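Below is one structure, written out as structure tokens; the observations come after it.
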Amino acid sequence: MKFDTPAGQNPIDQLKVVGKPTDRIDGKYKTTGTAAYAYERHDVAANQAYGYVLGAGIAKGRIRGIDTASAKRAPGVLAIVTTLDTPRLGRGRMNAAYLFGGDAIQHYHQAIAVVVAETFEQARAASFLVRVDYAPEAGRFDLAAEAPSAPPAPGDSGEGSGHDGVERVGDFEGAFAKAPVTLDETYTTADETHAMMEPHATVAAWDGDKLTLWTSNQMIAWHKGSMAQILGIPAENVRVDSPYVGGGFGGKLFVRSDAVLAALAAKAARRPVKVALTRPLIANNTTHRPATIQRVRLGATKDAIITAIAHESTSGNLPEGRPETAVDQTKLFYAGANRLTAMKLAHLDLPEGNAMRAPGEAPGLMALEIAMDEMAEKLGLDPVEFRIRNDTQVDPNKPERPFSHRNLVGCLTLGAEKFEWARRKSMPGQVRDGHWLVGLGMAAGFRNNLLMKSGARVRLDRAGTVTVETDMTDIGTGSYTIIAQTAAEMMGVPLERVVVRLGDSDFPASAGSGGQWGANNATAGVYAACVKMREAVAQRLGINSADAVFAEGEVRSGNRAVPLGEAAAQGPLSAEDSIEYGDLSKKQQQSTFASHFVEVGVDVDTAEVRVRRMLAVCAAGRILNPKSARSQVIGAMTMGVGAALMEGLSVDKKRGFFVNHDLATYEVPVHADIPHQDVVFLDEVDAMSSPMKAKGVGELGLCGVGAAIANAVYNATGVRVRDYPITLDKLLDRMPDAA
Amino acid sequence: MKSFTYERPTTPAEAAAAVTRTPNAKFIAGGTNLLDLMKLQIETPTHLVDVNGLGLDTIEATPEGGLRVGALVRNTDLAADARVRRDYGVLSRALLAGATGQLRNKATTAGNLLQRTRCPYFYDTAQACNKRQPGSGCSAIDGFSRQLAVIGTSEACIATHPGDMAVAMRVLDATVETVDAKGTQRTIPIADFHRLPGDKPEVDTTLRRGELITAVTLPKPLGGVQIYRKVRDRASYAYALVSVAAVVQPDGTGRVALGAVAHKPWRMEAAEAELPRGAKAVTDRLLAGAKPTHENAFKVTLAERTLRAALNQARA
């Protein structure tokens with residue numbers, strides 16, 4: 001189905017199932033432990049052996065030799081594959097780091113061997129007997145040191161929105177020089193690791209030259225293609241299955257070493273092999289969100305109209321890696337005639353930087369939205385009002401191009417009202433509650449809506465059961481449920497009559513889970529397949545499909561009402577289709593919007609920051625399942641608390657690695673850090689996005705949260721911290737007198 | 001982990017004898033730290049002597065008016081004991097500030113004293129660490145040191161003792177009771193129990209080989225306001241950046257120990273004389289001679305401000 005004109009009235013608009021707060025249909029499996037994650041797929045292949053991955057102990061250099069003699073003699077060992085046994089393998093299209101093969105070390109904990117044994121404990125014990133002779137080389141590990149010489153870099157987030165290294169509109173420098181009120185500040189964000197609960201894990205089995213991977217991955221079709229490319233085998237020989245994913249956040253967009261080494265190990269051991277990455281390897285072996293250094297300059301008239309806006313970001317990566325696109329949102333978020341955005345990319349020999357939830361916007365807004373707060377203060381204007389005054393309904397770079405639907409102002413005004421923003425004291429450091437200095441902060445949120453082709457197959461049996469098959473993944477987001485809701489709405493059956501099967505590369509290729517594009521695109525693909533199925537049903541029943549009404553398990557036309565299953569009386573029906581997009585998103589800009597409001601307390605003595613209240617108001621088109629959408633947003637807000645207050649990979653700049661590579665030392669928020677969270681969705685639809693009229697929301701919930709917290713800390717204390725995470729050591733020396 | 005043999009003796013002296021006679025043997029109680037370290041081959045005992053069958057799990061009143069806490073009393077039970085809550089609030093609070101409910105259910109009094117540092121370089125076997133591998137060097141000193149010690153450090157090691165319980169026990173002047181293979185008992189003041197790294201950072205305590213902790217004795221209650229203030233980056237389940245154990249009497253005198261600043265709970269009786277003059281006077285004395293790194297220099301300020309918060313709380 002081609003979607004190239006705005007959506008009109010369609011069966012989804014009935015909202016009998018779609019749009020209702022719905023418990024997740026896979027919830028019972030997860031809460032009872034019967035949803036098998038990759039490492040628990042004991043039943044899919046007999047005689048599984050265990051692989052344990054060894055990571056390099058240096059950050060850069062070569063391996064002169066690997067001595068596996070005593071490891072091979074260790075109890076239970078079946079095979080050892082080292083990186084010297086194979087030439088450097090290929091890599092996925094969107095990756096910079098090589099996963100295995102050859103003697104070159106690109107980064108710390110790069111995989112250099114996999115030890116296969118009868119048990120996990122035997123494999124791990126034997127791995128300690130592997131002796132590696134390294135020839136280390138000097139590397140570059142310090143972003144701040146490399147930034148001044150970093151060249152401009154074009155790039156995209158790996159999730160869709162790309163652009164040139166430097167973009168200009170009007171005359172930024174001239175306008176900035178003339179502006180009566182200006183701001184010029186630099187902000188930094190830290191390297192972050194995805195820290196999902198389920199580690200990367202794969203069971204691999206060969207049947208002749210056919211490879212099956214039971215794994216944990218967000219993008220099944222990418223995985224299949226990359227795996228074929230990496231191993232140099234035809235894609236049709238690879239099957240990938242990933243029905244449950246215990247969190248991804250972008251860390252499982254790509255094939256990682258668990259899958260590659262499981263495949264190599266299974267070949268070497270001539271048995272199915274399962275491999276999971278250990279926590280330390282997840283930080284240094286896989287990808288992470290790269291740190292940024294961002295300069296924001298704003299110029300405005302005295303009545304707070306922005307006339308000049310510049311956002312420049314420097315990040316680092318391995319050679320051939322991409323920049324963190326932290327300036328993306330600044331092209332579109334606020335009005336202003338004179339604009340400059342630029343990215344620079346330094347060469348670093350740290351692990352690969354790549355997509356993590358809301359790549360670009362998440363760190364970009366952490367900088368821009370502090371700058372907006374600082375500028376509002378300079379202008380003597382409320383920060384909510386400052387944003388409203390500089391709203392734009394068109395792409396500021398191309399004024400002829402409107403937003404498809406933009407109600408940022410609605411988010412801001414409703415949020416301010418609900419949060420009782422008016423009670424905020426604009427002078428910082430004024431509110432005290434016991435030993436807490438209390439402050440309020442807000443920020444606006446923005447994340448683009450991305451359109452991706454997405455396919456599905458729908459089957460109908462004589463019992464009237466509708467089965468949906470697509471390689472779409474559910475990474476904890478609720479995909480199973482919204483797909484079931486879509487099929488139930490379209491076919492006129494209750495939710496219980498829909499079976500959803502996901503994550504298998506033998507199913508039609510979907511948009512997958514990433515860039516908050518999963519919900520809208522995957523359900524639109526199911527919509528397309530259901531439209532075909534409705535036609536097939538009507539044809540079988542001899543009903544004109546235009547007249548057919550699908551409701552309450554029946555197909556109705558005029559006075560006739562036939563149980564849906566009857567259409568499959570002579571044999572099951574199957575219909576497959578994809579949603580494919582025309583150029584609507586070129587003609588109109590599709591984005592999602594939010595406002596975030598936060599109250600924090602800062603301990604007057606110790607400068608510990610604790611969040612006391614949070615509110616997000618989101619405008620993201622139709623909300624398909626308000627319950628799972630809310631879960632997405634509160635989870636994202638929690639991630640925002642982490643980014644603002646505690647999360648940061650600590651770089652050992654001498655040895656070149658992320659030191660805090662486990663969950664004891666890389667701190668993410670715990671329950672005690674998270675107060676009551678309110679989420680409000682504006683009641684809206686966007687007919688330009690798809691027949692579902694929905695947009696993404698899973699990343700929007702993160703966009704802006706960090707800055708709202710930073711701004712609240714400032715309001716509480718009068719101390720402006722521009723370097724994330726805002727840990728107490730950055731506040732301590734500047735805290736107001738406790739008295 | 002490496003394979004190991006295992007036994008479960010029934011008396012403390014037997015247990016001590018088992019560890020003494022078996023090369024490379026270790027006691028195991030809750031296992032909340034040791035098992036993790038064994039999986040990473042940071043600890044590689046070839047024989048484990050399980051002390052969980054020894055009893056040693058009661059809290060009894062002493063003739064001196066204090067409490068004798070068995071080595072195997074679980075952290076949860078010790079924190080919840082009515083006498084501890086009433087008379088040794090600083091200890092109960094310190095215990096509850098540590099780890100999680102699940103870990104406290106498993107962790108024992110003796111095991112808590114013996115937990116090893118959380119220096120990230122100690123945990124990464126590819127890195128130099130004198131504590132893990134004597135003579136290999138210290139990556140932490142010029143590496144990522146934000147969490148590490150600011151005082152009592154050496155050129156060989158800047159690790160901290162990571163615990164909370166021991167800080168409270170130090171402020172209470174607890175004593176550690178032990179038995180050895182011959183059945184000889186020894187009493188070690190808590191002040192002498194943990195050592196500074198010096199040129200032997202691999203040795204955390206003054207326990208002798210095979211010596212088994214049987215109990216920790218708390219002297220008679222000190223009264224006063226008892227505070228344990230743990231400062232960390234997140235609200236729960238994190239190691240301290242700085243912690244303060246304080247017992248403050250109505251006349252303004254009292255006792256103070258700091259956690260997470262040194263290789264042992266950090267207390268100087270002489271510094272406590274400064275208490276009436278306020279937090280800064282105390283920490284100036286207590287942390288005189290501190291040699292922080294660039295990354296953990298904030299701990300000196302934080303210690304002062306945390307003590308100030310504790311003293312304010314005591315007065316309130």
Side-chain angles (χ1 to χ4, degrees), chain A residues 55-58 74-75 108-109 121-122 124-125 127-128 132 134 278 280 284 434-435 603-611 641-642 645-648 650-655 657-674 725 727-733 735 738, chain B residues 1-4 33 36 38-42 44 99-100 118-121 123-128 139-147 162 229-239 241-244 279 295-313 316:
Chain A
I58 62 167
Y108 197 73
H109 277 176
E121 288 76 13
Q122 289 171 332
R124 184 176 57 192
S127 76
F128 283 96
V132 187
Y134 294 108
T278 58
N284 282 288
H435 59 95
D603 188 284
V604 70
D605 292 302
T606 63
E608 292 158 288
V609 180
R610 299 287 182 257
V611 178
V641 172
L645 298 179
M646 63 194 82
E647 290 186 48
S650 307
V651 182
D652 184 319
K653 295 183 183 114
K654 189 172 174 193
R655 297 163 191 86
F657 73 110
F658 299 130
V659 181
N660 51 343
H661 50 46
D662 60 35
L663 293 180
T665 47
Y666 183 88
E667 292 183 17
V668 299
V670 294
H671 283 90
D673 291 298
I674 302 302
T727 46
L728 57 87
D729 44 308
K730 295 170 186 170
L731 291 161
L732 215 48
D733 287 337
M735 285 290 283
Chain B
M1 63 183 73
K2 287 188 161 175
S3 10
F4 56 87
N33 192 200
D36 284 352
M38 286 170 65
K39 290 171 187 173
L40 297 165
Q41 295 204 6
I42 294 163
T44 52
T100 63
R118 290 285 166 166
C119 174
Y121 296 92
Y123 270 78
D124 189 331
T125 50
Q127 298 301 321
S139 299
I141 287 175
D142 64 356
F144 173 65
S145 58
R146 179 172 180 265
Q147 298 269 356
R229 183 77 157 85
K230 180 176 182 179
V231 181
R232 42 190 157 175
D233 286 322
R234 66 180 172 193
S236 179
Y237 198 22
Y239 293 95
L241 296 167
V242 161
S243 68
V244 168
E295 286 179 337
N296 67 19
F298 74 94
K299 284 193 174 190
V300 176
T301 312
L302 182 60
E304 177 207 325
R305 299 186 67 129
T306 308
L307 178 59
R308 183 172 84 194
L311 296 180
N312 285 341
Q313 191 186 332

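Predicted model, so just to flag it, every value in this text is computed and none were measured. Just so we're on the same page: letters track the sequence lines, and every chain starts at 1.
- In terms of modelled atom types and a separation under 3.5 Å, the side chain of A:Asn660 and the main chain of B:Pro120 share no donor-acceptor contact.
- For A:Val609, no part sits under 4.5 Å from any heavy atom of chain B, backbone or side chain.
- Heavy atoms closer than 4.5 Å to chain B are found in the side chain of A:His661, but not in its backbone.
- Only the side chain of A:Glu608 comes within less than 4.5 Å of a heavy atom in chain B; its backbone stays farther off.
- Side chain of B:Lys230 to backbone of B:Ala238: a donor-acceptor contact under 3.5 angstrom is found.
- Your options are B:Asp142, B:Thr125, B:Asn296, and the one with the most heavy-atom pairs under 4.5 Å with chain A is B:Asp142.
- The parts of B:Ser139 that come within reach of chain A are both its backbone and its side chain, each placing non-hydrogen atoms under 4.5 angstrom from that chain.
- Within the 3.5 Å criterion, the main-chain N or O of B:Leu40 finds no donor-acceptor partner in the side chain of A:Arg124.
- Interface remark: A:Leu663 contributes backbone atoms only to the contact with chain B (heavy atom separation under 4.5 Å).
- Ranked by non-hydrogen atom pairs under 4.5 Å with chain B, the options A:Arg610, A:His109, A:Glu121 are led by A:Arg610.
- Checking side-chain atoms of A:Asp673 against main-chain N and O of B:Ala235 turns up a donor-acceptor pair under 3.5 Å.
- Of the listed residues B:Tyr121, B:Tyr237, B:Tyr123, the one with more heavy-atom pairs under 4.5 angstrom with chain A than any other is B:Tyr121.
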Handout entry: Working for side-chain contact (heavy atoms from CB on, under 4.5 Å), residues B:Leu302 and A:Thr606
Key = CA-CA 6 Å; B:Leu302 182 60; A:Thr606 63; 4.1 Å; yes
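- Ranked by heavy-atom pairs under 4.5 Å with chain A, the first of B:Gln127, B:Gln147, B:Arg118 is B:Gln127.
- The two atoms that bring A:Asp729 and B:Phe298 nearest to each other are CB-CG, 3.4 Å, heavy atoms only.
- B:Arg232 places no side-chain N or O within donor-acceptor distance of the main-chain N or O of B:Tyr239, the cut-off being under 3.5 Å.
- With a 4.5 Å cut-off on non-hydrogen atoms, B:Lys39 touches chain A through its backbone and its side chain both.
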